[in-house]
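A, B, ... follow the sequence lines: proteins, then strands. Residue 1 opens every chain.
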Protein chains: 2
Amino acid sequence: MDPGTGTRRVTIVDVAAHAQVSTTAVSKVMRNAYGVSPAMRERVNAAIAELGYRPRAAARGMRGRTYTIGVVLPDIRNPFFPEIVDGISGHVRDTEYQVMLGTGSRISLPGTSASDAEVELRLIDSMVDRGMDGMVLVAPAAGQKRVDEAAAGVPLVVIGRHMRSALHDTVVDDDARGAALVVNHLADLGHRRIAHIDQREPDHGRAATMPNAVRTRGYRDAMTAQGLAGQIDVVSTGYTEEGGYLGAKQLLAREVRPTAIFAGADIVAMGVLTAVAEAGLRVPEDISVAGYDNTSFAALGPIGLTSVDQAGQQIGADAARLLLERIARRDRPSTFITTSPTLVVRRTTAAPPG
Amino acid sequence: MDPGTGTRRVTIVDVAAHAQVSTTAVSKVMRNAYGVSPAMRERVNAAIAELGYRPRAAARGMRGRTYTIGVVLPDIRNPFFPEIVDGISGHVRDTEYQVMLGTGSRISLPGTSASDAEVELRLIDSMVDRGMDGMVLVAPAAGQKRVDEAAAGVPLVVIGRHMRSALHDTVVDDDARGAALVVNHLADLGHRRIAHIDQREPDHGRAATMPNAVRTRGYRDAMTAQGLAGQIDVVSTGYTEEGGYLGAKQLLAREVRPTAIFAGADIVAMGVLTAVAEAGLRVPEDISVAGYDNTSFAALGPIGLTSVDQAGQQIGADAARLLLERIARRDRPSTFITTSPTLVVRRTTAAPPG
DNA sequence: GTGAAAGCGCTAACAC
DNA sequence: GTGTTAGCGCTTTCAC
């Protein structure tokens, strides 16, 4: 009836009619549900293929699942996150689930002063509103309470935050250990004035569980263990390239300059390298620089950044596995996975000058 | 009634009851539709706030809109794409729309040999199935026919592909001009053997409209215009870091080495820099390198890559604007926007040796 | 200006 | 095993 582009999309009813069965049968076949004879399954599948039927997730979602899992990233610019996403996608690929990404954009609008946490909360809500069957939160800025609230409503896996909860699963890197790896490496090279660039944490409540905070703690502890407690020097900016740039500017202006800078993330280290270059200093001859995440950029020829590898793909795959399990059985006990980081030494670290 | 966590979510019915109005009234208020008295609007809004009501997109989508726009990215690792996403998000921020990202992951699975184009097509379908009100396709690999098919079903804006269509809007960078900018810059510096690294294009049908193809054409034309037609040298790998690495390996193995390499994208240039460093050559003393996209990494201190800026945020914002317009009026004539690139000269290009 | 009621396309009880 | 039917939470005629 409908001419031109408006050809109504084929629905389960069309398939049922074409296959001469009930819509229930079609629905069951779609979901591999129990109670359909092979013959009927055959006919339904033929009809589906013939008509090119694809179920609408929205309609499915009204009663059952949408077969969609949402991933909330704090920032797409950080090259570490794609690793995690790849891990998730890879694990989900052979299932019927589809991954949808949401991210807080970092554009600073004049009037709007929504904090990162607010943007993130809004994003989480909007994903729930869109019927995600489950969600993965990567290093969420929200407080434990808000995360638990979300987890009460939808299967959830948190990546990066060091917080245990009965309501959601968690996958974290042993950030304290990773930080110690860097400090020990630098100390072994002979460095004493090893500074660290952290992310400023406005909310003290959640502070302790953020990955950056744990790295900073690991840094402090390792420095102390090395007998360098008096040399501890932390600058707090942000886990962005700009944060690294500004942090390094501060550190390089110290009366007694550090001989090594441990940036909390590779992306931060990128900014550090820029600032160091601008200051006319050579890496690693004048100053050593190390990062965290071992992103693909760290390996770049002109960079060769020493960095901590935290196996992002593995973390993503673990998270996806836990999420799928939890979607299947929401009351299953919660799991807490810790992965062990390793140090990848490249060309930005060497013995201190002199 | 429902105890514990299972507290049923508040629906439009709850709001209506609480405000002592009909569900129709609530629905109208939600959509700022015509035909509600200020008084009623007031009461409804109060009830919404009091109950913390949030409409479910799935349910809305069954009759009206989902207020969701989907963005399909070929690859999240390319640091240029976040620029576009920021542009889109920024434009959409003050509307009720929410942006959802989908991306083809680049994990190569042993058994699975789905091509990029297939993965992308599946992704587009799944976004349509999930009721996106509109979609932005960034440099889609699909053929014009498939894109048009998709555009017939859902408002669509294509970024990057140089193809006009009555069914969708298009936003492209003048890639030929950008390539000419690079070639002319290098030629002015005195280079003659200027090589180019392109993306291998398996499908000849769509080849001409892909951004990389247009850049390559621009390179050839500019070389010819400079009287360097005999020096044209194109290696086709891929728009990835690895593609740049492999391409540069090939070029550096030439009997007569090029004195400059124009990489089709910054991410490709990264790989080129790695290969050049491995070969023990200095940039720009021994060889010049230029990229395209002017991503944040190009500006990095230790990189300082000369690159073509194509204003990703602007492109994203334009695309979002066109999409919103098309969602509002699907039959509106299609628009084709071309943005003009500029060259950003940094430290990887200089006069050739000798 | 307002509300009753009919769907949207699917899933899940529940009959048969 | 199979089909009938009642919703899921919204939007949208269409009466009033």
Side-chain angles (χ1 to χ4, degrees), chain A residues 2 6-44 47-48 51-68 96 126 128-133 153 327, chain B residues 2 6-44 47-48 51-68 96 126 128-133 153 327:
Chain A
D2 217 346
T7 357
R8 207 176 41 67
R9 227 183 122 156
V10 12
T11 75
I12 201 174
V13 177
D14 302 320
V15 176
H18 192 267
Q20 316 248 56
V21 298
S22 71
T23 58
T24 305
V26 180
S27 175
K28 283 187 170 175
V29 170
M30 293 297 306
R31 294 172 291 121
N32 301 305
Y34 176 80
V36 257
S37 63
M40 174 166 278
R41 181 175 298 279
E42 179 82 4
R43 262 198 304 157
V44 170
I48 288 176
L51 268 42
Y53 168 71
R54 291 193 333 251
R56 240 126 313 172
R60 304 184 88 172
M62 297 222 56
R63 300 295 265 152
R65 317 180 155 176
T66 58
Y67 296 95
T68 313
E96 317 171 78
S126 81
V128 172
D129 297 344
R130 278 158 185 78
M132 299 296 160
D133 290 339
I327 288 173
Chain B
D2 217 346
T7 358
R8 207 174 41 64
R9 228 182 120 156
V10 14
T11 75
I12 200 174
V13 178
D14 302 321
V15 176
H18 193 266
Q20 315 248 55
V21 299
S22 71
T23 58
T24 306
V26 179
S27 175
K28 283 187 170 176
V29 171
M30 293 297 305
R31 294 171 292 119
N32 301 304
Y34 176 80
V36 256
S37 63
M40 174 167 279
R41 179 176 300 278
E42 179 82 4
R43 263 199 302 158
V44 170
I48 288 176
L51 268 41
Y53 167 70
R54 290 191 336 248
R56 240 126 314 171
R60 304 185 86 170
M62 297 220 56
R63 300 290 268 155
R65 320 182 153 173
T66 58
Y67 296 96
T68 313
E96 316 171 78
S126 80
V128 172
D129 297 343
R130 279 159 185 77
M132 299 295 159
D133 289 339
I327 288 173

**Report entry** Distance, rounded to the nearest Å, where B:Gln20 contributes CD and C:dG1 contributes C1'
**Finding:** 18 Å

Report task. Decide yes or no for B:Arg60 and B:Arg65: does some side-chain heavy atom of the first lie under 4.5 Å from some side-chain heavy atom of the second? Result -> no

Query raised in the report: Hey, does A:Met30 have a side-chain heavy atom less than 4.5 Å from the side chain of A:Tyr53?
Result: yes

Query - Reference residue A:Val21; test side-chain contact (heavy atoms from CB on, under 4.5 Å); the match among A:Val29, A:Val44, A:Val15, A:Val36 - result: A:Val44

Query raised in the report: Do we see a donor-acceptor contact under 3.5 Å between the side chains of B:Ser37 and B:Arg41?
Result: no

Query raised in the report: Quick check: does any side chain N or O of A:Asp129 sit under 3.5 Å from a backbone N or O of B:Ala57, one acting as donor and the other as acceptor?
Result: no

Report summary line: In terms of heavy-atom contacts, A:Asp14 and A:Val10 come closest through OD2-CA, 3.2 Å

Query raised in the report: Once each nucleotide of nucleotides 8-16 of chain C is scored for protein heavy atoms under 4.0 Å, what B/S/- sequence comes out, 5' to 3'?
Result: BBBBBB---

Query raised in the report: For the pair made of CZ in B:Arg41 and P in C:dG3, what is the distance, rounded to whole Å?
Result: 14 Å

Query raised in the report: Between A:Arg130 and B:Thr68, does any side-chain donor sit less than 3.5 Å from a side-chain acceptor?
Result: yes

Query raised in the report: Are the side chain of A:Arg31 and the backbone N or O of A:Ser27 linked by a donor-acceptor pair below 3.5 Å?
Result: yes

Query - Bending between helix ends of the helix from C:dG1-D:dC16 to C:dC16-D:dG1 [5 pairs per end, 10° resolution] - result: 40°

